[in-house]
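Presented below is the structure to which this report refers.
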Amino acid sequence: MAGLFASFFQWIAALFFSKAAEIAVIGLQASGKTSFVNVIGSGQWSEEVVPTVAFNFRKVRKGNVTLKIWDVAGQPKFRSMWERYCNGVDAIVFVVDSSDQEKFNTARFELHQLLGQPSLVGVPLLVLGNKNDIEGHAPVKELIPALQLDKINDRPVSCYSCSMKSQHNLDIVLKWLSERSH
(Lines give C-alpha, C1' and ligand atoms only; values in the text may rest on other atoms or scores of the structure.)
Protein backbone atom coordinates (compact mmCIF):
# COMPACT_ATOMS: atom_id res chain seq x y z
CA MET A 1 0.00 0.00 0.00
CA ALA A 2 2.90 2.35 0.72
CA GLY A 3 4.12 1.89 -2.88
CA LEU A 4 0.74 3.00 -4.17
CA PHE A 5 0.89 6.23 -2.14
CA ALA A 6 4.47 6.89 -3.25
CA SER A 7 3.51 6.42 -6.90
CA PHE A 8 0.48 8.66 -6.46
CA PHE A 9 2.63 11.34 -4.77
CA GLN A 10 5.18 11.19 -7.60
CA TRP A 11 2.38 11.54 -10.14
CA ILE A 12 0.92 14.58 -8.32
CA ALA A 13 4.37 16.14 -7.92
CA ALA A 14 5.06 15.66 -11.62
CA LEU A 15 1.85 17.50 -12.46
CA PHE A 16 2.83 20.56 -10.45
CA PHE A 17 6.58 20.58 -10.83
CA SER A 18 7.14 19.35 -14.35
CA LYS A 19 8.80 21.52 -16.94
CA ALA A 20 8.73 21.50 -20.71
CA ALA A 21 11.29 22.74 -23.19
CA GLU A 22 11.22 22.81 -26.95
CA ILE A 23 14.58 22.75 -28.70
CA ALA A 24 15.84 22.69 -32.27
CA VAL A 25 18.95 20.63 -32.96
CA ILE A 26 20.80 21.91 -36.03
CA GLY A 27 24.24 21.72 -37.58
CA LEU A 28 26.01 20.59 -40.72
CA GLN A 29 25.43 17.08 -42.03
CA ALA A 30 27.18 14.26 -40.18
CA SER A 31 27.92 16.40 -37.13
CA GLY A 32 26.04 14.06 -34.77
CA LYS A 33 22.64 15.74 -34.37
CA THR A 34 20.56 12.58 -34.62
CA SER A 35 23.02 10.67 -32.45
CA PHE A 36 22.60 13.42 -29.82
CA VAL A 37 18.80 13.09 -29.96
CA ASN A 38 19.01 9.29 -29.80
CA VAL A 39 21.37 9.32 -26.81
CA ILE A 40 19.17 11.84 -24.97
CA GLY A 41 16.10 9.73 -25.72
CA SER A 42 17.32 6.22 -25.13
CA GLY A 43 20.69 6.56 -23.42
CA GLN A 44 22.16 4.43 -26.20
CA TRP A 45 24.67 5.34 -28.90
CA SER A 46 24.66 3.50 -32.21
CA GLU A 47 26.74 3.69 -35.37
CA GLU A 48 23.65 2.69 -37.35
CA VAL A 49 22.19 6.19 -37.77
CA VAL A 50 20.41 7.07 -40.99
CA PRO A 51 20.93 10.66 -42.17
CA THR A 52 17.94 12.86 -41.41
CA VAL A 53 15.87 13.96 -44.37
CA ALA A 54 14.11 17.29 -43.67
CA PHE A 55 13.41 16.79 -39.92
CA ASN A 56 12.54 14.36 -37.16
CA PHE A 57 10.47 15.19 -34.08
CA ARG A 58 10.89 13.44 -30.78
CA LYS A 59 9.42 13.95 -27.33
CA VAL A 60 11.68 12.85 -24.47
CA ARG A 61 11.02 12.88 -20.75
CA LYS A 62 14.01 13.12 -18.42
CA GLY A 63 13.07 13.37 -14.76
CA ASN A 64 10.57 16.19 -14.46
CA VAL A 65 11.54 17.76 -17.81
CA THR A 66 9.83 16.99 -21.10
CA LEU A 67 11.90 17.91 -24.14
CA LYS A 68 10.24 18.43 -27.50
CA ILE A 69 13.10 18.06 -29.94
CA TRP A 70 13.24 19.10 -33.59
CA ASP A 71 16.16 17.30 -35.26
CA VAL A 72 16.68 19.24 -38.52
CA ALA A 73 18.71 17.96 -41.46
CA GLY A 74 22.08 19.60 -42.10
CA GLN A 75 22.56 19.03 -45.83
CA PRO A 76 22.84 22.30 -47.81
CA LYS A 77 19.38 21.95 -49.39
CA PHE A 78 17.73 21.80 -45.94
CA ARG A 79 19.57 24.66 -44.21
CA SER A 80 17.05 27.23 -45.40
CA MET A 81 14.48 25.43 -43.17
CA TRP A 82 16.48 25.91 -39.99
CA GLU A 83 14.83 29.22 -39.09
CA ARG A 84 11.35 27.71 -39.36
CA TYR A 85 12.18 25.01 -36.81
CA CYS A 86 14.12 27.36 -34.52
CA ASN A 87 11.35 29.95 -34.35
CA GLY A 88 9.56 29.76 -30.98
CA VAL A 89 11.89 27.23 -29.34
CA ASP A 90 13.36 27.61 -25.86
CA ALA A 91 16.89 26.92 -27.11
CA ILE A 92 18.88 26.20 -30.25
CA VAL A 93 21.40 23.37 -30.04
CA PHE A 94 24.07 23.70 -32.73
CA VAL A 95 26.11 20.51 -33.13
CA VAL A 96 29.51 20.74 -34.78
CA ASP A 97 31.93 17.94 -35.57
CA SER A 98 34.92 19.15 -33.56
CA SER A 99 37.20 16.71 -35.39
CA ASP A 100 36.42 18.12 -38.86
CA GLN A 101 38.07 21.51 -38.70
CA GLU A 102 37.81 21.96 -42.47
CA LYS A 103 34.07 22.54 -42.02
CA PHE A 104 34.40 25.20 -39.30
CA ASN A 105 34.14 28.12 -41.76
CA THR A 106 30.94 26.70 -43.25
CA ALA A 107 29.55 25.96 -39.79
CA ARG A 108 30.35 29.51 -38.62
CA PHE A 109 28.75 31.04 -41.73
CA GLU A 110 25.56 28.96 -41.45
CA LEU A 111 25.24 29.56 -37.70
CA HIS A 112 25.63 33.33 -37.98
CA GLN A 113 23.25 33.45 -40.98
CA LEU A 114 20.64 31.73 -38.84
CA LEU A 115 21.23 33.84 -35.74
CA GLY A 116 20.91 36.99 -37.85
CA GLN A 117 17.20 36.29 -38.41
CA PRO A 118 15.07 38.82 -36.49
CA SER A 119 12.65 36.10 -35.33
CA LEU A 120 15.45 34.36 -33.41
CA VAL A 121 16.88 37.28 -31.43
CA GLY A 122 17.37 36.29 -27.81
CA VAL A 123 16.89 32.53 -28.26
CA PRO A 124 19.58 30.83 -26.14
CA LEU A 125 22.28 28.97 -28.05
CA LEU A 126 24.05 25.82 -26.96
CA VAL A 127 26.98 24.74 -29.14
CA LEU A 128 28.10 21.13 -28.81
CA GLY A 129 31.56 20.31 -30.10
CA ASN A 130 30.83 16.65 -30.77
CA LYS A 131 33.26 13.79 -31.38
CA ASN A 132 35.80 14.81 -28.74
CA ASP A 133 36.81 11.15 -28.58
CA ILE A 134 38.56 11.53 -31.96
CA GLU A 135 42.22 12.49 -31.94
CA GLY A 136 42.83 16.03 -33.17
CA HIS A 137 39.40 17.36 -32.23
CA ALA A 138 39.14 21.06 -31.41
CA PRO A 139 38.53 21.75 -27.71
CA VAL A 140 36.07 24.42 -26.57
CA LYS A 141 38.79 27.07 -26.32
CA GLU A 142 39.37 26.61 -30.09
CA LEU A 143 35.71 26.25 -31.07
CA ILE A 144 34.71 29.57 -29.54
CA PRO A 145 36.94 31.72 -31.79
CA ALA A 146 36.57 29.41 -34.81
CA LEU A 147 32.77 29.81 -34.72
CA GLN A 148 33.01 33.42 -33.47
CA LEU A 149 30.80 32.59 -30.50
CA ASP A 150 32.48 35.39 -28.55
CA LYS A 151 30.91 37.89 -31.00
CA ILE A 152 27.35 36.81 -30.24
CA ASN A 153 25.89 39.23 -27.70
CA ASP A 154 22.13 39.17 -28.28
CA ARG A 155 21.46 35.88 -26.45
CA PRO A 156 22.89 33.50 -23.85
CA VAL A 157 25.57 31.28 -25.44
CA SER A 158 27.20 28.17 -23.99
CA CYS A 159 29.69 25.80 -25.60
CA TYR A 160 30.57 22.28 -24.47
CA SER A 161 32.77 19.53 -25.79
CA CYS A 162 31.12 16.12 -25.86
CA SER A 163 31.09 12.64 -27.31
CA MET A 164 27.86 10.80 -27.98
CA LYS A 165 29.74 7.48 -27.83
CA SER A 166 30.86 7.95 -24.25
CA GLN A 167 28.04 10.33 -23.33
CA HIS A 168 30.74 12.65 -21.99
CA ASN A 169 29.24 15.94 -20.69
CA LEU A 170 25.65 14.98 -21.55
CA ASP A 171 24.51 15.46 -17.94
CA ILE A 172 25.77 19.06 -18.12
CA VAL A 173 23.96 19.54 -21.42
CA LEU A 174 20.69 18.21 -19.98
CA LYS A 175 21.05 20.51 -16.97
CA TRP A 176 21.60 23.49 -19.30
CA LEU A 177 18.50 22.58 -21.31
CA SER A 178 16.32 22.05 -18.24
CA GLU A 179 17.27 25.50 -16.95
CA ARG A 180 15.76 26.98 -20.11
CA SER A 181 12.48 25.12 -19.74
CA HIS A 182 9.30 26.71 -18.49
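Keep in mind that the numbers below use all heavy atoms, side chains included, and drop hydrogens, waters and symmetry copies. Treat the numbers as computed from the prediction; the structure is a model and nothing was measured.
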Please check if atom NZ in K68 has more than 12 non-hydrogen atoms from other residues, nucleotides or ligands closer than 6.0 Å.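 No, NZ of K68 has 12 or fewer neighbouring heavy atoms, counting only those of other groups under 6.0 Å.
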
Validation row: [X], [Y] side chains within 4.5 angstrom (heavy atoms):
{"X": "F78", "Y": "Y85", "result": "no"}
{"X": "V89", "Y": "V123", "result": "yes"}
{"X": "V93", "Y": "L128", "result": "yes"}
{"X": "V96", "Y": "L28", "result": "no"}
{"X": "C86", "Y": "I26", "result": "yes"}
{"X": "V25", "Y": "V95", "result": "yes"}
{"X": "P124", "Y": "R155", "result": "no"}
{"X": "D97", "Y": "N130", "result": "no"}

Step by step, would you call L126 with I92 a side chain to side chain contact (heavy atoms under 4.5 Å, CB included)? CA-CA 6 Å; L126 172 61; I92 298 169; over 6 Å; no

Whether the side chain of H137 engages the backbone of I134 through a donor-acceptor N/O pair (distance < 3.5 Å, no angle test) should be reported.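 Here the side-chain-to-backbone pair exists.
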
Main-chain N/O of R84 paired to Q117 side chain as donor or acceptor, under 3.5 Å: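 Side chain of Q117 to backbone of R84: no pair is present.
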
Any chance the side chains of [X] and [Y] put a donor and an acceptor closer than 3.5 Å?
{"X": "W70", "Y": "E22", "answer": "yes"}
{"X": "Q29", "Y": "R79", "answer": "yes"}
{"X": "D71", "Y": "T34", "answer": "yes"}

Hey, could you give me the [atom1]/[atom2] distance between [X] and [Y], rounded to the nearest 0.5 Å?
{"X": "I152", "Y": "L125", "atom1": "CD1", "atom2": "CG", "value": "5.5 Å"}
{"X": "K131", "Y": "S98", "atom1": "NZ", "atom2": "OG", "value": "8.5 Å"}
{"X": "E142", "Y": "S161", "atom1": "CD", "atom2": "OG", "value": "10.5 Å"}
{"X": "T66", "Y": "R61", "atom1": "OG1", "atom2": "CZ", "value": "4.0 Å"}
{"X": "Q148", "Y": "L111", "atom1": "CD", "atom2": "CG", "value": "10.0 Å"}
{"X": "D150", "Y": "I144", "atom1": "CG", "atom2": "CD1", "value": "7.5 Å"}

V72 with F57, same ILVMFWY side-chain cluster at under 4.5 Å: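 Hydrophobic grouping puts V72 with F57.
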
State, to 0.1 Å, how close [X] and [Y] come at their nearest heavy-atom pair, and which atoms those are.
{"X": "A146", "Y": "F104", "answer": "CB-CD2, 3.7 Å"}
{"X": "D90", "Y": "A21", "answer": "OD2-CA, 3.3 Å"}
{"X": "K33", "Y": "A30", "answer": "NZ-N, 4.3 Å"}
{"X": "L147", "Y": "R108", "answer": "O-CG, 3.5 Å"}
{"X": "L143", "Y": "G129", "answer": "CD1-CA, 3.5 Å"}
{"X": "E83", "Y": "S119", "answer": "OE2-OG, 2.7 Å"}

